[in-house]
S.K.: 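The structure follows.
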Amino acid sequence: MEPPLVVMPQEKEQDMSKDLEILRHSTSHLMAQAVKELFSEVKVAIGPAIETGFYYDFDYEPGFTEEDLLKIEERMKEIARKDLPIERRILKKKEAREIFLTLGEQFKVELLDEIKDEEVSTYTQGAFTDLCRGPHLPSTGPIKAFKLLSLAGAYWKGDEKNKMLTRIYGTAFQDEDALNKHLQFLEEVKKRDHRRLGKELDLFSVSDEVGAGLVIYHPNGALLRYLLEDFERKEHLKRGYQFVVGPHILKVDMWKRSGHYDNYRENMYFTKIDDVDYGIKPMNCVSHIMVYKSKIRSYRDLPLRYFELGTVCRHEKSGVLHGLMRVREFTQDDAHIFLRQDQLHQEIVSIITFVQDVMKIFNFEYEMEISTRPEKFIGTVEDWDKAEKVLKDVLDAQGLPYDINEGDGAFYGPKIDVKLKDAIGRKWQCATIQCDFALPERFDLNYVDSDSKRKRPVMLHRVILGAIERFLGVLIEHYSGKFPVWLSPVQVIIMNITDEQEGYVRSIYDLMIHEGIRAELDTRNEKLGMKIRESVVKKVPYMIIAGKKEMENNSISVRLRDGSELKDIDVKTFVNRIREENISRR
RNA sequence: GCCCGCGUAGCUCAGUGGUAGAGCACCUCCUUGGUAAGGAGGUGGUCACCGGUUCAAUCCCGGUCGUGGGCUCCA
């Protein structure tokens, strides 16, 4: 059995106590001091405390190695043992500028030049002085439980046009115990990595021969995906959505009209057929718009909800690709809803309810965020303001808390993003609801209102799970590969103990398959212990074991994923149990 | 795309300037065993790809592709 996962309350930003933040910030300074002592030519940039520890960015041409980290860690311990006082000093910006200029710390000088205040503070420990707002520990002594974790590149001030610096990540805690717990937590995170489980459970692969960011689903992965999609189709039909299907390639003229060509071209793939340019769809909205446009619409028809499990292709930068979480071809549970302005509020409420229902089924917590007008946008500022107001009004009316993410909307409209939180507290953006006045204008969409005048509908773009690929990746990690019964690609493995029961287990298998249960048969010439072990490794929820006893009683024994057993029970009883779990999605 | 690391059998990984090894998996045989690995034998690799240095490259150098940790960007 796997050890239980330790969830660290300190992982969550809002929970990170001020004390811990100060400790980590001071540890980052301690690291910078050690680095400066060991590598005198290094220039320091910035080094804050973060959710899970701290980092410091350095400018060091040869770059650090993994061995350097050990050396730095040793030096840090030495300095900490000396219990050097950490002294705060307030000085005029001009003075501070002189100091850092003399030290040759051009990054600090650059930071100073951006500070508006007349006075700044510096912190000094030993020969190391840093420009810093603080606060810090009074001395280096209390810094005991820390570890340097990794090396990374990071742009100066987070801008890709700037110089690439070397970042060292580390973590620090109040005591060894808490540090060890955190390190153990990191090990657990690695164990539930969807890329690792994807391989272990034989769900999917990504092949360098096929191409980066392109997922190949193996039978059980494809089945898992099918189950998720089946769930989605049913849920959408229940909620008044209609299925539509659009093509993968559309003429470039369509993308020019939609604004994608001007605003999203870097992310698109293009091809040419008989001298006509086509774009491979990065979004599904254009086809859905064409369905709307295919005939005259009455105000009575609205809202029209078009749903498609739409596969899109986007040129993501090579460095961002990551298992199922970030890929170049993925399928969205995408819908476009065409409606009157007076229906907007209610429709958004319905979508949020939809999201909440789904989150509950998978046991996710979530947070909401509103993203507003970006620099690159289509449509008018008035429409944007109107749309942003509707989104805020809905969340306010529902009493749902949210953050504002300024300038992060899609180019055609503002959005509500839902960030779900998985079993170990990590946040993932999946659902998004985008309010769009611009595309109806661009495509000249209209409906005939009760006064027989033509009016412009509004469009909502929305996804619930987001991208199937990403959601699957999140699910794999959320459940640590132990999917609930209704989502398990294989629900039952049926195994005999000796050849004598082969016919018997086969009849149980036939019955299960007939009942729509996803069963597998293991009649290999192997010991029971071996069959159980393999089934446990595959994280299958149920094993049916039938030996001489069961065959004589016309019964089965069931071993559950947690190791507990149901001895000598009736097959029908068990079939009903799984049926029930399928229906109630447990 | 950028910085750093990595790429050896299906998987997890050793290893060496003189063309390779383990465990698991797979195949064959023995074993019919009651809740996490029964035993024996065997198959399997252009050491990611392309080029360079060298008498000789899986190993050293360069490039490409892929991948990992990050940065930037995002469903």
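Just so we're on the same page: letters track the sequence lines, and every chain starts at 1.
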S.K.: Would the base of B:rC4 count as contacting A:Arg167 through its side chain, where contact means a donor and an acceptor less than 3.5 Å apart?
M.R.: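 Not at all, since no donor on one side and acceptor on the other fall under 3.5 Å apart.
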S.K.: Can you establish whether the number of heavy atoms outside A:Glu365 located under 6.0 Å from its atom CD is more than 12?
M.R.: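 Result for CD/A:Glu365: open.
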S.K.: Does the side-chain ring of A:Phe330 lie flat on the base of B:rA75, meaning centres under 5.5 Å and planes less than 30 degrees apart?
M.R.: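 Stacking is present between B:rA75 and A:Phe330, given that their ring centres fall under 5.5 Å apart and the planes under 30°.
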S.K.: When you check the phosphate oxygens OP1 and OP2 of B:rA75, does a side-chain N or O of A:Gln332 lie under 4.0 Å from one of them?
M.R.: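 Answer is no, no contact under 4.0 Å.
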S.K.: Looking at A:Glu534 and B:rA25, is any side-chain donor or acceptor paired with a base atom of the opposite kind under 3.5 Å?
M.R.: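 Side chain to base: no pair present.
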S.K.: Would you say A:Lys163 reaches B:rC2's phosphate, i.e. side-chain N/O to OP1/OP2 under 4.0 Å?
M.R.: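 Negative; the distance criterion is not met.
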S.K.: Which value, in whole Å, describes the distance between the P atoms of nucleotides B:rC24 and B:rG17?
M.R.: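 That atom pair is separated by 29 Å.
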S.K.: Remember a base hit wins even if backbone is also touched, and classify A:Arg326 as base, sugar-phosphate or nothing at under 4.0 Å, heavy atoms.
M.R.: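 Base contact.
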S.K.: B:rG69, OP1 or OP2 - any side-chain N/O from A:Arg195 closer than 4.0 Å?
M.R.: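 For B:rG69, OP1/OP2 do have a side-chain N/O of A:Arg195 under 4.0 Å.
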S.K.: What are the two closest non-hydrogen atoms of A:Trp384 and A:Pro414, and how far apart are they?
M.R.: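 Answer, listing the atom of A:Trp384 first, then A:Pro414: CZ3-N, 3.2 Å.
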S.K.: Report the base-pairing partner of B:rC74 (Watson-Crick or G-U wobble, both distances below 3.5 angstrom), or none.
M.R.: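 Across any shown strand, B:rC74 pairs with none.
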S.K.: Given the P atoms of B:rG5 and B:rA56, what is the spacing between them in whole Å?
M.R.: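 Result for the P pair: 29 Å, nearest Å.
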S.K.: At less than 4.0 Å, is any side-chain N or O atom of A:Tyr55 found next to OP1 or OP2 of B:rG69? Yes or no.
M.R.: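 Answer no for this pair, as no side-chain N or O of A:Tyr55 is under 4.0 Å from OP1 or OP2.
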S.K.: Taking any strand in view, what nucleotide pairs with B:rU43 in a Watson-Crick or G-U wobble way, both distances under 3.5 Å?
M.R.: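 Because no pair has both required distances under 3.5 Å, B:rU43 counts as unpaired.
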S.K.: Using atom C1' in both nucleotides, what's the gap between B:rA37 and B:rC59 to the nearest angstrom?
M.R.: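 Between the two C1' atoms, the distance is 36 Å.
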S.K.: Given B:rA75, is OP1 or OP2 found less than 4.0 Å from the side-chain N or O atoms of A:His461?
M.R.: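 No.
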S.K.: Between B:rC6 and B:rU12, how many Å separate the two C1' atoms, rounded to a whole number?
M.R.: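 Comparing C1' positions in B:rC6 and B:rU12 gives a spacing of 15 Å.
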S.K.: Who does B:rC24 pair with, Watson-Crick or G-U, both distances under 3.5 Å?
M.R.: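 WC or wobble partner is B:rG10.
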S.K.: Any strand counts, and the cut-off is 3.5 Å on both contacts for Watson-Crick or G-U wobble. Which nucleotide pairs with B:rU16?
M.R.: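 B:rU16 is paired with nothing.
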S.K.: Any strand counts, and the cut-off is 3.5 Å on both contacts for Watson-Crick or G-U wobble. Which nucleotide pairs with B:rU64?
M.R.: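 By the stated definition (distances under 3.5 Å), B:rA48 pairs with B:rU64.
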S.K.: With both distances kept under 3.5 Å, what pairs with B:rA57, Watson-Crick or G-U wobble?
M.R.: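 When the pairing criteria are applied, nothing turns out to pair with B:rA57, so the answer is none.
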S.K.: Suppose you measure atom P in B:rA9 against the same atom in B:rA20; what distance do you get, rounded to whole Å?
M.R.: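 To the nearest whole Å, 14 Å.
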S.K.: Within the 4.0 Å heavy-atom criterion, would you say A:Gly63 contacts the bases, only the backbone, or no part of the nucleic acid?
M.R.: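 Nothing, no heavy atom under 4.0 Å.
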S.K.: Identify the nucleotide, in any strand shown, that forms a Watson-Crick or G-U wobble pair with B:rG33, with both distances under 3.5 Å; if there is none, say none.
M.R.: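 Looking at the geometry, B:rG33 pairs with no nucleotide.
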S.K.: Need one value for A:Val327: base, sugar-phosphate or nothing, where a base atom within 4.0 Å counts as base even if backbone is also close, heavy atoms only.
M.R.: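 Base: the residue A:Val327, judged by heavy atoms under 4.0 Å, touches a nucleobase.
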S.K.: Spell out yes or no: do the side chain of A:Glu550 and the base of B:rG34 have one donor N/O and one acceptor N/O closer than 3.5 Å?
M.R.: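 Yes.
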S.K.: For atom P, what is the distance between B:rC49 and B:rA75, given to the nearest Å?
M.R.: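 So the two P atoms sit 38 Å from each other.
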